[in-house]
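Have a look at the structure below before the remarks.
In what follows, residues are counted from 1 in the order of the sequence shown. Below, all heavy atoms of this structure are taken into account, side chains as well, without hydrogens, waters or symmetry copies.
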Amino acid sequence: MTDLTTLLEVGGPVAALGGGAAYARAKHPGVYWSTVGLPISTARLLSSYGSVMEACGLAVAPSRLRMLAVKATTRREVRPVPPRRGIIRPTSTGLRLRLRLAPGQEPADVAASAERLRHAWGVHAVYVSTVKPGVVELRLVGFDVLRQVRMPRKVDAEFLQVPVALREDAMPFIRDYRAVPHQLTLGATLSGKSMYLRHLIAGLAPQPVALVGIDCKRGVELAPFASRLSALATEPEQAAELLPVLVKEMEDRYDLIKARQGIAPDTPAEEITSDIWGLPESERPVPLVLFVDEVAELFLVATKKDEERRDEMVTQLIRLAQLGRAAGIYLEVCGQRFGAELGKGATMLRAQLTGRVCHRVNDEASAKMALGDIAPEAVSAACAIAPERPGLAVAGDTSGGWSRIRTPYLSLSDAAAACRESAHLVPDVPVLKPFLPEVAIRPVESPALVAEPRPATG
């Protein structure tokens, strides 16, 4: 009886502790990782590092000098040598450590064993990145960071960079307009595409950037941010008037670049390789980001007259995508579907959009439209996105790299409030004043940002 009582006294707290750990693991994975998962995974890594590396084929034969030393001093069997391991650095989401590769090894060898390492050390995922020749970094993620997205507290984001989502390796996904000037974002209804767009606009609002919107759904997506927009078109007819103005603005900026750098005035814009960032800050035009929501509305036509207008708008969008980067004009094109069936010019426009973000789509063909031409292996990942995870997407670019990302929740009211707080930063772009939304606060007059072309100096 005494033994039973003692067992109950000891077992009660142990059961409570186990139940608490199970609850934390399900509801608060970050807390569970910091208190339970981190010590256990660290102990597994330290105790089994050599044997795991040997089982994964990452250990190499020792040098001749090492073999002679072992044979001379001990009678032990000479075992393969694993890659030299650096200091283990714990994080709020996992572990990091660096490995120095042995001669003849490459990062792909370690990446091929990532799944084995994940199971051996009891973590959610293992990612491999190259630090420098001969050194790779293992990033161990302790739990599914995309289930409950929590952005890092500190993100090093510079001008024209927006930390818009979290990657599956617990690193922030930064939308960098200087590196990837134009992007296509696809997603079905309720897939999280609008949330992604909110984060972009809210992140750009505090920056000295002109934001222009084309939302042919009567402005239901972009109208709440009108206080920060320099121009907004809510119907195809308005878009047909706005796009030629943007093309003319782009041409004026090219004239400014040619005049400043002494390029002949008759030089075609396609042959100019410089951009506005080479101009003095006092003469540099303000960067401009064009958001096109539901791009299919610009392609759909009902009459012959609409078809002519459509062809003109598509041609102007293609010109902006081809030449806009050097002029500081960037495109963010969103839609549910984007393929050749939209009409003439759709495929050509898509080819100019370097970045791709694909949320949940209704069919495999839509995923192939977004990712098939840049990262075919990412198509299956996009098709596997469940409806229960809005905001989950696959991001890639023309380099072939891709990753899963998820956008944290941001209410429409909070995004609109961020735009209202930054309404005084709406830049003075004279050509866009006719399209300035009525609810926006008129900017204070400032010196003209686009100067008249100067005569060529050489």
Side-chain angles (χ1 to χ4, degrees), residues 155-164 172-184 200-213 228-231 243 245-292 316-333 351-356 397-399 422 425-432 443 446-458:
V155 180
D156 295 331
E158 300 177 354
F159 182 47
L160 285 176
Q161 293 181 350
V162 181
V164 68
F173 175 75
I174 298 178
R175 175 72 176 95
D176 187 351
Y177 286 91
R178 296 285 299 274
V180 182
H182 312 307
Q183 182 170 275
L184 173 64
L200 280 178
I201 296 177
L204 288 172
Q207 302 187 26
V209 180
L211 304 181
V212 177
R228 183 58 182 85
L229 297 180
S230 297
L243 286 172
V245 173
L246 294 177
V247 172
K248 181 63 169 58
E249 172 70 8
M250 179 185 69
E251 293 172 348
D252 290 344
R253 295 185 178 196
Y254 269 109
D255 290 339
L256 178 64
I257 295 172
K258 290 192 292 186
R260 176 68 186 182
Q261 299 185 354
I263 302 175
D266 57 346
T267 303
E270 293 82 353
E271 299 180 8
I272 302 176
T273 58
S274 300
D275 52 37
I276 64 169
W277 307 109
L279 299 175
E281 187 174 354
S282 59
E283 300 181 16
R284 185 183 306 153
V286 62
L288 189 152
V289 180
L290 172 61
F291 295 94
V292 182
Q316 289 154 356
L317 275 176
I318 293 174
R319 291 200 64 198
L320 289 173
Q322 287 179 331
L323 307 174
R325 182 207 62 82
I329 299 178
Y330 309 103
L331 270 61
E332 199 74 38
V333 180
Q352 301 295 328
L353 305 176
T354 306
R356 307 289 176 85
D397 54 48
T398 52
S399 66
S422 305
L425 296 177
V426 176
D428 181 20
V429 184
V431 296
L432 296 180
S446 59
L449 293 171
V450 180
E452 292 295 329
R454 299 182 180 181
T457 58

Exercise. By side-chain hydrogen bond (donor to acceptor under 3.5 Å, both in side chains), which residues pair with Gln352, not counting sequence neighbours?
Worked result: none
For this session: Can you sort out the partners of Val247 under side chain to side chain contact (heavy atoms under 4.5 Å, CB included), two or more places apart, ordered by chain and number?
Result: Met250, Glu251, Gln316, Arg319, Leu320
Problem set entry | Derivation and outcome, side chain to side chain contact (heavy atoms under 4.5 Å, CB included), residues Val212 and Ile329 | CA-CA 10 Å; Val212 177; Ile329 299 178; over 6 Å; no
Seminar exercise, completed: Sorted by chain and number, sequence neighbours left out, side chain to side chain contact (heavy atoms under 4.5 Å, CB included) with Ala179 holds for Asp176
Seminar exercise, completed: When every non-hydrogen atom of Ala205 is compared with those of Leu425, the smallest separation belongs to O-CD1, 3.8 Å
For this session: Starting at CZ of Arg325, measure out to CD1 of Ile276 and round the result to the nearest 0.5 Å.
Result: 9.5 Å
Exercise. Which atom pair, heavy atoms only, marks the closest approach of Pro285 to Leu279?
Worked result: CD-CD1, 3.9 Å
Exercise. Step by step, would you call Leu432 with Leu288 a side chain to side chain contact (heavy atoms under 4.5 Å, CB included)?
Worked result: CA-CA 11 Å; Leu432 296 180; Leu288 189 152; 3.9 Å; yes
Exercise. For Tyr254 and Leu323, which heavy atoms make the closest approach, and how far apart are they?
Worked result: OH-O, 2.7 Å
For this session: Report the distance from atom CG of Leu331 to atom CG of Leu184, rounding to the nearest 0.5 Å.
Result: 10.5 Å
For this session: Would you check, one step at a time, whether the test side chain to side chain contact (heavy atoms under 4.5 Å, CB included) holds for Val333 with His182?
Result: CA-CA 8 Å; Val333 180; His182 312 307; over 6 Å; no
For this session: Answer yes or no: is there a donor N or O on one side and an acceptor on the other, between the side chain of Tyr177 and the main chain of Val289, under 3.5 Å?
Result: no
Exercise. Is the closest side-chain heavy-atom distance between Lys248 and Asp252 below 4.5 Å?
Worked result: yes
For this session: Evaluate side chain to side chain contact (heavy atoms under 4.5 Å, CB included) for Phe291 paired with Leu204, printing each intermediate quantity in order.
Result: CA-CA 12 Å; Phe291 295 94; Leu204 288 172; 3.8 Å; yes
For this session: Quick one: closest heavy-atom pair of Gln161 and Pro163, and the distance?
Result: O-CD, 4.1 Å
Exercise. Which value, rounded to the nearest 0.5 Å, describes the distance between Ile257 atom CD1 and Arg284 atom CZ?
Worked result: 11.0 Å
Seminar exercise, completed: Here the pair of heavy atoms bringing Gly203 nearest to Val162 is CA-CG1, 3.8 Å
Problem set entry | Over all atoms of both residues, closest heavy-atom pair of Val429 and Ala210 | CG2-CB, 4.3 Å
Exercise. How many angstroms lie between atom OG of Ser230 and atom CG of Leu290, to the nearest 0.5 angstrom?
Worked result: 11.5 Å
Exercise. Is there a side-chain contact between Asp156 and Ile174 (heavy atoms, below 4.5 Å)?
Worked result: no
Problem set entry | Arg228 CZ to Leu211 CG distance, which is reported to the nearest 0.5 Å | 4.5 Å
Exercise. Checking salt bridge (charged side-chain N to carboxylate O under 4.0 Å, His left out) for the pair Glu332/Arg175: CA distance, chi angles, key distance, verdict?
Worked result: CA-CA 11 Å; Glu332 199 74 38; Arg175 175 72 176 95; 3.2 Å; yes
Exercise. Between CD of Gln183 and OH of Tyr330, what distance do you get to the nearest 0.5 Å?
Worked result: 14.0 Å
